[in-house]
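Okay, so here's the structure we're looking at.
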Amino acid sequence: MGKDFYGELQLGILGGGQLGRMLIQEAISYNVNVHVLDPDKNAPCRKLCDHFECGSLSDYDTVFNFGKNLDMLTIEIEKVNVDALEALEDKGVIVYPQSRVIRLIQDKGLQKQFFKQNDIPTSAFQLISNRESLRNANLSLPFVQKLRKDGYDGKGVKMILNEDDLQTAFEEPSIIEEIVKFQKEIAVIVSRNDRGEVKTFPMVEMEFNPQANLVEFLISPSTYSFEIQQKAEELAKKIANDLQIVGLLAVEMFLTEEGEILVNELAPRPHNSGHQTIEGNFTSQFGQHLRAIFNLPLGNTEARSNAVMINLLGEEGYEGLAKYEGIEEILAMEGVYLHLYGKKYTKPFRKMGHVCIVNADRELAIINARKVQEILKVIA
């Protein structure tokens with residue numbers, strides 16, 4: 001890259017949320033200068049970085065001007081102005097993951113077409129231009145409708161179960177997908193550097209909060225058969241190589257009732273399904289992302305222990321200044337690690353932090369995690 005890690009390297013992160021915050025915590029060890037752009041003046045990263053700028057991630061001029069004097073840009077959210085990133089690449093700024101990868105993943109329709117073109121197993125789907133065209137869909141009811149752009153954390157997803165649901169379906173361009181009968185939602189995080197070195201973290205099992213459609217509970221490593229785990233990890237490697245991505249890629253999948261694996265969605269950045277790697281693995285997902293974008297040898301991804309990650313979500317019925325109940329009680333338990341995201345205000349289902357519970361005994365790790373879920377609450 002031409003600059004050594006002597007405090008010279010200027011790294012920009014688009015997005016100043018919790019993923020950026022945890023990325024900075026890791027980047028400090030690499031002695032790089034971190035610049036952050038985020039629309040929220042109270043973003044979790046604001047006090048941790050060398051330079052914080054409050055501005056729109058989707059505005060061309062804001063993104064271009066933010067990045068033009070930096071050595072490298074990366075993202076912690078996909079919803080960014082890709083045209084500005086392309087222009088910065090032309091100017092010689094390194095952008096990882098590359099702008100073409102972000103453009104593809106920003107659009108769930110392009111993502112699905114990419115799966116089809118590259119023989120990556122995924123559920124049956126159809127591209128939909130507007131609500132009216134849903135009536136002539138090739139897929140029969142019921143199905144899932146997802147906005148092609150800007151959906152995240154369960155937003156931009158609707159279950160279309162019957163004719164009545166067509167009235168309230170999304171009007172904007174979307175995809176519809178066959179509803180998959182699955183036994184488990186699984187994920188694999190894969191990293192790739194510019195040398196073409198590729199490594200996966202062990203497959204994890206996820207449980208979702210049905211109301212918020214957010215990961216609520218994650219168990220690592222999986223106890224599914226070696227064949228299933230290997231198949232999931234090989235799929236993730238194939239996608240990383242087909243995309244020629246540099247950085248980290250989270251691959252969310254369904255394990256169907258028949259034992260098949262279908263790829264659901266991709267995220268080209270550190271991801272909720274990798275938070276347990278901070279305490280649970282030899283290398284964290286954040287450390288691996290930096291190794292990949294700095295074109296360094298990728299780290300050991302093996303699990304050190306059984307790890308359960310639970311998302312700390314704002315309680316229903318509370319909105320305002322965040323107050324945490326039960327911190328002392330959970331920290332008195334062995335193998336419990338708390339990560340608060342520095343968000344001043346809570347609201348129902350807002351991600352306020354996460355807790356990682358590690359234990360040599362898998363069942364005990366799960367039992368302790370359930371206790372933490374009962375005790376630790378975010379109220380206002």
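Numbers here are sequence positions counted from 1.
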Under the 3.5 angstrom rule, does the side chain of [X] hit a backbone N or O of [Y] as a donor-acceptor pair?
X    : Y    : value
Q111 : I105 : yes
T74  : Y96  : yes
N118 : I120 : no
S191 : L248 : no
N193 : L296 : yes
R46  : V36  : no
T256 : E260 : yes
D38  : A43  : no
R148 : I128 : no
E76  : G20  : yes

ask   = Does CD in E329 sit with more than 12 non-hydrogen atoms of other residues, nucleotides or ligands closer than 6.0 Å?
value =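 Count not over threshold, so no.
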message = Looking at Y318, I'd like to know if its OH atom is crowded, meaning that more than 12 non-hydrogen atoms belonging to other residues, nucleotides or ligands lie closer than 6.0 Å.
response =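 It does not: Y318 OH has 12 such atoms or fewer within range.
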Pick from [options]: which one makes a side-chain contact (heavy atoms from CB on, under 4.5 Å) with [X]?
X    : options                : value
V82  : Q106, Q98, R100        : Q106
Q288 : T301, N281, I189, N300 : T301
N359 : N306, N368, V308       : N368

message = Test of understanding: clusters of I, L, V, M, F, W, Y form through side-chain heavy atoms closer than 4.5 Å, transitively. Do L9 and L290 belong to the same one?
response =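 Yes, same cluster.
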ask   = Do M22 and I77 share a hydrophobic cluster, counting only Ile, Leu, Val, Met, Phe, Trp and Tyr and linking them when any side-chain heavy atoms are less than 4.5 Å apart?
value =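 Unlinked, M22 and I77 end up in two clusters.
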Any donor-acceptor pair under 3.5 Å linking the side-chain atoms of [Y] with those of [X]?
X    : Y    : result
N311 : N272 : yes
Q167 : R131 : no
D59  : S56  : no
H35  : Q10  : yes
S133 : N136 : no

Considering all heavy atoms of both residues, which atom of [X] and which atom of [Y] are nearest to each other, and what is their separation?
X    : Y    : value
V157 : K146 : CG2-CG, 4.1 Å
L340 : L312 : CD2-CD2, 3.8 Å
S305 : A360 : OG-N, 3.8 Å

query = Does T283 have any side-chain hydrogen bond (donor to acceptor under 3.5 Å, both in side chains) partners at least two apart in sequence or in another chain, and if so, which?
reply =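 Per chain and number, T283 pairs via side-chain hydrogen bond (donor to acceptor under 3.5 Å, both in side chains) with no residue.
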Within-4.5 Å side-chain heavy-atom neighbours: [X] and [Y]:
X    : Y    : value
L338 : I327 : yes
V263 : I239 : yes
Q183 : F254 : no
R192 : Q244 : yes
L218 : S273 : yes

Residues 372-380 side chain polar contacts: donor-acceptor under 3.5 Å, at least two apart:
from : atom 1 : to   : atom 2 : distance (Å)
Q373 : OE1    : R370 : NH1    : 3.2
K377 : NZ     : Q373 : O      : 3.1

Reference residue E177; test side chain to side chain donor-acceptor pair (under 3.5 Å); the match among Q145, K112, K108 =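 Looking at Q145, K112, K108, the match for E177 under the side chain to side chain donor-acceptor pair (under 3.5 Å) is K112.
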inquiry  = If the test is side chain to side chain donor-acceptor pair (under 3.5 Å), which one of E279, Q18, R21, H275 qualifies with H339?
reply    =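 When side chain to side chain donor-acceptor pair (under 3.5 Å) is applied between H339 and each of E279, Q18, R21, H275, only E279 qualifies.
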ask   = From S174 OG over to F125 CZ, what is the distance, rounded to the nearest 0.5 angstrom?
value =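 If I round to the nearest 0.5 Å, the distance is 12.5 Å.
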request  = May I ask you to decide if the ring planes of H354 and Y341 are parallel, tilted or perpendicular, using 30° and 60° as cut-offs?
outcome  =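 H354 vs Y341 ring planes: tilted.
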Below 3.5 Å, can you tabulate the donor-acceptor pairs from side chains in residues 86-95 to any protein atom, sequence neighbours excluded?
from : atom 1 : to   : atom 2 : distance (Å)
E86  : OE2    : R103 : NH2    : 3.4
E89  : OE1    : S99  : OG     : 2.5
E89  : OE2    : S99  : N      : 3.2
K91  : NZ     : K68  : O      : 3.1

